[in-house]
There are 2 protein chains.
Amino acid sequence: MTLDETDRRILRALQAGGRISNADLAEAVNLSPSACHRRVQRLEASGVIAGYVALLNARKLGMPTYVFVEIKLATQADEVLDAFEKAVARVPHVLECHLMAGSADYLLKIVAEDTEDFARIHRQYLTRLPGVTQMQSSFALRTVFKTTALPV
Amino acid sequence: MTLDETDRRILRALQAGGRISNADLAEAVNLSPSACHRRVQRLEASGVIAGYVALLNARKLGMPTYVFVEIKLATQADEVLDAFEKAVARVPHVLECHLMAGSADYLLKIVAEDTEDFARIHRQYLTRLPGVTQMQSSFALRTVFKTTALPV
DNA sequence: CCTGAAACTACTTCAGT
DNA sequence: ACTGAAGTAGTTTCAGG
């Protein structure tokens, strides 16, 4: 799928405000509402736009604690990875799980109410993950910034 | 701000689909459209709902490469942290920047087209960040999962 | 704090260029 | 591909319980 500058402007606007009205979006990108609407539908249908979400304020919800957990597995055998990934999908509070290059690590990003809440998640869930040989948790003191917007 | 179960249902629905119509949302949470609308406005005004965004498919935009960069600074003096944070805010492709506990590290999450593109970002921007004494980059081979939804 | 109705605004489609 | 207009649907406000 090929994007022109107008498409990119649409994507930038929607990444900044997912609930902008089609009328306002059309005006922002210098298009008539119907032409703009057609382009947005095309971007949605092609999957370039994966979806729309509300972003919540973790602090106001009493979950200001972010922890990154690095995990080393015993082996990189597919069955071990599969079992680990199926298990980690069931752990609550895990926002991201990445398979990492280098030492066949996983990197998890976890959100919690406080360090005690993380300790509970750790005891209750992380220590039960299969195939793990090493685990190191790093706490974020402060999120300097964070965006969901990709550079387009 | 205190949330009841209906508020939490609203938040879960909006985290799953930020563009759901108020009418459909009202039906999903068993409320009249006007009552639902008032609750959503209250959640927005209180800041619990930080905003709405479109999420894009990084792969379809040709940026499938995620890199986590751990950075150690020479000192933890406030001026050094400030200077670092101001500088990192100007680096393109950085999606997240966290100040980490333990060894006064920063953790960056960077998105790139491929490893060469990351090498360019590294050369052009990361090596110029002030106060850095050590930097270690870890590539994600595969994102197992990723969500923006907080558990509410 | 909710409901229901009314007024307003926006979305979505389609014929025409 | 885009425009403009028409029909449909949704939002938002407000009087009343």
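So that the names make sense, note that chain A is the first sequence line, chain B the second, and so on, each numbered from 1.
More than 12 heavy atoms of other shown residues, nucleotides or ligands fall within 6.0 angstrom of atom CD in B:Glu5.
Atoms CG and CZ, from A:Leu61 and B:Arg8 in turn, are 10.0 Å apart once rounded to the nearest 0.5 Å. Rounded to the nearest 0.5 Å, atoms CZ (A:Phe84) and CG (A:Leu99) are 9.5 Å apart.
Between A:Arg39 and the phosphate of D:dA1, there is no side-chain N or O to OP1/OP2 separation shorter than 4.0 Å. Applying the 4.0 Å criterion to OP1 and OP2 of C:dC2, one finds that B:Arg38 has a side-chain N or O inside that range. B:His37 has a side-chain polar atom (N or O) that falls below the 4.0 Å cut-off from OP1 or OP2 of D:dT12.
Checked against the 6.0 Å centroid criterion, the rings of B:Phe139 and B:Tyr66 do not qualify as a close aromatic pair.
Against DNA chain D, the stretch residues 41-52 of chain A makes no heavy-atom approach under 4.0 Å. Proximity of residues 5-23 of chain A to DNA chain D (heavy atom under 4.0 angstrom from any strand atom) is not detected for any residue.
Under a 4.0 Å N-O distance rule, the pair A:Asp4/A:Arg39 qualifies as a salt bridge.
Among residues at least two apart or in separate chains, side-chain hydrogen bond (donor to acceptor under 3.5 Å, both in side chains) pairs with a member in residues 131-145 of chain A are A:Arg142-B:Glu85, A:Thr143-B:His98.
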Would B:Glu44 and B:Tyr52 count as a side-chain contact (heavy atoms from CB on, under 4.5 Å) if you check the C-alpha gap in whole Å, the side-chain angles of each, and the deciding distance to 0.1 Å?
CA-CA 10 Å; B:Glu44 289 170 353; B:Tyr52 301 90; 2.6 Å; yes
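Mapping A:Leu31 and B:Asp24 onto DNA chain D by nearest heavy atom places A:Leu31 closer to the 5' end of the strand.
In this structure, the side chain of B:His93 does not engage the main chain of B:Ala112 through any donor-acceptor pair within 3.5 Å.
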